[in-house]
Structure formats: C-alpha cells, structure tokens
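The structure presented is a predicted model; accordingly, all values stated were derived computationally and were not measured. Just so we're on the same page: letters track the sequence lines, and every chain starts at 1.
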There are 2 protein chains.
Amino acid sequence: MCAITLADVEVRVVVFTLWENRLQVLLRPLDSTDHWSLPGLPASREHSLEETAAECVEALTGQNEIYLEQLYTYGEPDRQPDSQLISVAYFALLAASSLSSDRIEQAQAAWHPVDQMPELVWDHAEILTYALRRLRYKLEYSAVGFELLPDTFTLSELQHTYELILGEKLDKRNFRRRILEAGIIEPTSGRRSGEGRPAQLYQYRPDAVAEVKARRLFP
Amino acid sequence: MCAITLADVEVRVVVFTLWENRLQVLLRPLDSTDHWSLPGLPASREHSLEETAAECVEALTGQNEIYLEQLYTYGEPDRQPDSQLISVAYFALLAASSLSSDRIEQAQAAWHPVDQMPELVWDHAEILTYALRRLRYKLEYSAVGFELLPDTFTLSELQHTYELILGEKLDKRNFRRRILEAGIIEPTSGRRSGEGRPAQLYQYRPDAVAEVKARRLFP
DNA sequence: CCAAAAGTGTTCTATGTACACCCATGC
DNA sequence: GCATGGGTGTACATAGAACACTTTTGG
C-alpha cells in the first residue's frame, strides 16, 4: 500500500542509428548478468521527462540535437524487479556520422544490430519491438528517415535508409517522386562524387522540420 | 534533488461518452476553485497503470468492460502545483446506455459536452485536446466508434456517432460500404422499429475486437 | 570505352468520392 | 396513402504501383 514516488520512475530510451549499413540500437550491460538493457535515467523533479531522455542520450553520445519522441509508459507490478517500477520509454534517432564512441565505451555501452539482439532484461525486448514498429510505421507517413543521416545526403542514401529500416526494396522513381513532392527536402549546391555519376546532395528544409514538429502527431 | 517516487505519479482518464446527441467528457470539480479536472487516481504498487485507469472509471461509472488506451505521459516541473508531478493519461470510451449517474453525483462529477468545456485546471485542457485528436484520428482508421454504442445498433446510429465525433457529415452509402467491407460488424437477427422502415441491427464481431486488440497500434 | 551509380515518365490499377432513387413500415 | 427513416449501385477522379532506358562521371 505504499505510495509511488519519483524514485520509482525512470526514463528509458531506445536509441537507433545506422552503422555499417545496419539499423542498430544502443544497449548497456546489466551488472551481474549477461543480459543487456536499454539506457535510462531516473526521473527528476527539476527536469521534464523529455529533458531527462535527451540528457540520457547526450551522456552516452555527446549529441543533444536529436529526434526524440515519447513511446509508451510501462508500469506493471514486478516488471523490473530490483529496478524502477515505471519506465517512460522514448525513442531517439541519431545521425550515423556523429557517433563519438569514447563515452559509449566508458559507459560499457555498445551498438547492436536490431536483427541480432542479445538477451535483454525484463520487458526490454518488448519495448524494443514496439519502438521498431513505431519507427517503421512513422517512416511510412512522416519521412523521419533523414534524422538518421548527416546534414546533407543523396536521394540514394535516403532510399537505402528506408529500405534498411523497412526491410524491403523500394522503387527508385516512386520513392524520389514521393519524397520530393512532400517538400521536406531541398537540393543544395553540393554534389557527391564517387563511383559512377555524381549525385545531387539534399538537405531537409528547416521550416519543414518545424512544420512536422508543429503537427505533433504525438505531443 | 529529491528522488521521484510513486506518490508523485497518478493516472488521469479522459472518459468520452455520447449523451443527448453530444460527445461528452467526465469531469470532477477541483476543491476551492471553480475549475474542473480530469478524474484520476494515484498510481499504486499493486496494480498496473491500466488497471488503475480502469478502476478510476469503474469507481465513477460502475462500468468495467470499457475501451481504454494509453494516451501520453505528462511530466514537467510545476505542471500541477499541489498535485502529482507525473500524470499517465488514458482515454476511455463508454457506451451511452450504461451511465449509472448515482456514483457520478456522489463524486460530484459531471458530463460536459466537448464543445462547451468549462475552465480546466493546469494542463488538463491540453490533455483533453490531445485525447480528442487521437479519438478522431483513430476513428478514421480503426472503427472504434461502436465502443460508444450499446451492444446492438443500427448503421445509422453508428454513422451519427462518427459524424458527431468528426464534426462533419458523411455519405451514407460510402460509410456503409467501408464499415461492412472492414468486416468488424455483422448483422444480428434483430431489427429496430420506430418511425419509418425498421432498421437492421448490427453487433461487432467479438473475434474482430480480438483482432484489433492483437494489432495493438499502441501497446 | 566501359563499369557504376544517377536520373527521368508513362501506363495501369486500385482506392476513394460524389451522387439520387426505391423500400418497408407506422400512423 | 403518406411521411419517415432504411437501404442500394455506378460513374468519375485521384493516388499509388509497376516498369526500362539514358546520362554522367572515374578508371
């Protein structure tokens, strides 16, 4: 019959990134087991839940301008024995270019491909599965894909990002048409040369990012 | 720097119903102000958050088989001075037939039409606005409308429900075709007679309800 | 000149939208 | 028999899906 207080509440974050051509998730080892857990921080009285989630990602990666969205709040008795009762789960998207791995190693954290997950503690596998579902679902209607890419990118890179996350091949012409008609990215003056014909570089329109945030499908 | 514990956490529920041909929300007066608040209960160590939300609705309405879905978790410093810091918000749909108003009166609670909201405390207006947005959004792709109706209903009643919530007129033939093709309701043997030609009564297919729950767009 | 990736339009299909009349009953 | 709400089909527009070749560069 004890009341529930903030010491019973934590924030957990599912951090996605693209690395070595795979969608990966940041995990931390749990002491005294060979299981891994989603990184988290206890909730605090001074900061909002979203600020705490951002802090958690920054502490591990050094990034503080990231895409962050609340997922769901888990609160069943005994879901995390010996840890907080209530987890407010977020998911985050991190641009691959910006993985300063020093802090990650210090925290003994590591990236794991989503298709080769190690054993996770408690209900964290469930949280991860849900985060992945939401990420895929969100890609289909809101074009958050570029949050995983550096500031400028080619349309092919963007398409490969989508294909990796959705796990299926997409038609090049249809993909380009849809993305460009949505008006969320614009060409820059740059080009990327490599093998083959050089590609136009694009960036997301800052005002489009503001529009998407203003829509707030989830507040 | 005090830690946050369960005493800082509550569940709030936005309970919708149809009554007198209007979409209404259940509110409770806040002592010592002329403002109203969303009904809620403190989180507990013995029950899941969803169970607590269900309990909260049952305590006021006597109903325990209702549609319930987690909305969002609000946790900003000072968002609810003199009350819990963190609110896990749910929304609930209640069949209009089942409004036993005794308990509601005992709790001094009352139904308020969504288009004539009184002043709400703290950020509860924001929570309500979001709940309404999610309800409308959800109607468009998942046919939860019948949760607001009694066990059997006519297609016209269902359409009126949709029109009330969405705030726009719908085409009768298109509405019927879409709902029937979705396969979530089936005709019963009953008919409703009143003025005009008697109407076929429908019920939702119990297995379809199970399917929808299995899909779990939000876990 | 050839390998390698970038870039570009059109046809077809499916889905959604607009729209008007007959039907069964109670009074 | 008439007023009242219940029930039905079709033509059109729009959005999405399938599909193959030319272009530009580096080696």
Side-chain angles (χ1 to χ4, degrees), chain A residues 18 20-21 96 136-143 145-146 149-204, chain B residues 18 20-21 96 136-143 145-146 149-204:
Chain A
L18 285 181
E20 291 176 341
N21 243 18
R136 288 186 173 134
Y137 178 67
K138 215 167 165 96
L139 269 198
E140 288 176 3
Y141 73 93
S142 90
F146 47 69
L149 291 173
D151 287 349
T152 62
F153 48 86
T154 68
L155 283 180
S156 295
E157 288 165 350
L158 187 59
Q159 184 178 345
H160 292 146
T161 302
Y162 275 69
E163 290 176 342
L164 268 174
I165 298 175
L166 298 177
E168 57 180 323
K169 289 279 167 208
L170 301 175
D171 180 86
K172 183 159 56 160
R173 282 172 288 192
N174 292 337
F175 179 80
R176 286 168 181 244
R177 185 170 348 107
R178 268 212 304 276
I179 292 282
L180 292 176
E181 279 174 359
I184 47 181
I185 63 176
E186 59 187 9
T188 69
S189 53
R191 302 181 160 266
R192 160 133 345 138
S193 8
E195 250 180 324
R197 173 173 171 176
Q200 178 66 254
L201 282 173
Y202 288 82
Q203 63 191 358
Y204 20 107
Chain B
L18 285 180
E20 291 176 342
N21 243 19
R136 289 187 173 133
Y137 179 65
K138 215 166 165 95
L139 269 198
E140 289 177 3
Y141 73 91
S142 90
F146 47 68
L149 291 173
D151 288 349
T152 62
F153 49 86
T154 68
L155 283 180
S156 296
E157 288 165 349
L158 187 59
Q159 184 177 346
H160 292 146
T161 303
Y162 275 68
E163 289 176 340
L164 268 174
I165 298 175
L166 298 176
E168 57 180 324
K169 289 279 167 209
L170 300 175
D171 181 87
K172 182 160 54 161
R173 281 172 289 190
N174 292 338
F175 179 81
R176 285 166 183 247
R177 182 166 354 105
R178 269 213 304 277
I179 292 283
L180 292 175
E181 280 174 359
I184 47 180
I185 64 176
E186 58 187 10
T188 69
S189 53
R191 302 180 161 265
R192 162 137 340 142
S193 5
E195 251 179 324
R197 173 175 171 176
Q200 177 66 255
L201 282 173
Y202 289 82
Q203 63 192 359
Y204 20 109

For the residue pair F153(A) and Y204(A), categorise the inter-ring angle as parallel (less than 30°), tilted (30 to 60°) or perpendicular (more than 60°).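 Taking Y204(A) first and then F153(A), their aromatic rings lie parallel (interplane angle under 30°).
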
Taking atom [atom1] of [X] and atom [atom2] of [Y], what is their separation to the nearest 0.5 Å?
| X | Y | atom1 | atom2 | answer |
| --- | --- | --- | --- | --- |
| R136(B) | E168(B) | CZ | CD | 9.5 Å |
| I185(B) | Q203(B) | CD1 | CD | 10.0 Å |
| T154(B) | H160(B) | OG1 | NE2 | 8.0 Å |

Pick base, sugar-phosphate or nothing for R176(B), based on heavy-atom distances below 4.0 Å to the nucleic acid.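 Base contact.
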
Applying a 4.0 Å non-hydrogen cut-off, can you work out what R177(A) is touching in the nucleic acid: base, sugar-phosphate, or nothing?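 The residue R177(A) makes base contact.
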
Positional range of nucleotides in DNA chain D within the contact set of chain B, heavy-atom, under 4.0 Å: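 Taking any atom under 4.0 Å from a heavy atom of chain B, the span is dT4(D) to dT10(D).
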
So, is S156(A) near the phosphate of dA6(C), with a side-chain N or O under 4.0 Å from OP1 or OP2?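 True: S156(A) side-chain N/O within range (under 4.0 Å) of dA6(C) OP1/OP2.
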
Looking at dA18(C), dA4(C), dT8(C), which one has an atom nearest to any side-chain atom of E195(A)?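 Comparing dA18(C), dA4(C), dT8(C) against the side chain of E195(A), the answer is dA4(C).
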
Rounded to the nearest angstrom, tell me the gap between atom CG in L155(A) and atom P in dG7(C).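 Interatomic distance, CG of L155(A) to P of dG7(C): 6 Å.
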
If you go through the side-chain atoms of R173(B), does one of them form a donor-acceptor pair with the base of dA20(C) closer than 3.5 Å?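 Flag set: donor-acceptor pair detected.
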
Check for a donor-acceptor pair, side chain of Q159(A) on one end and backbone N or O of R176(A) on the other, with a separation under 3.5 Å.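 Checking the backbone N and O of R176(A) against the side chain of Q159(A), no donor-acceptor pair under 3.5 Å is found.
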
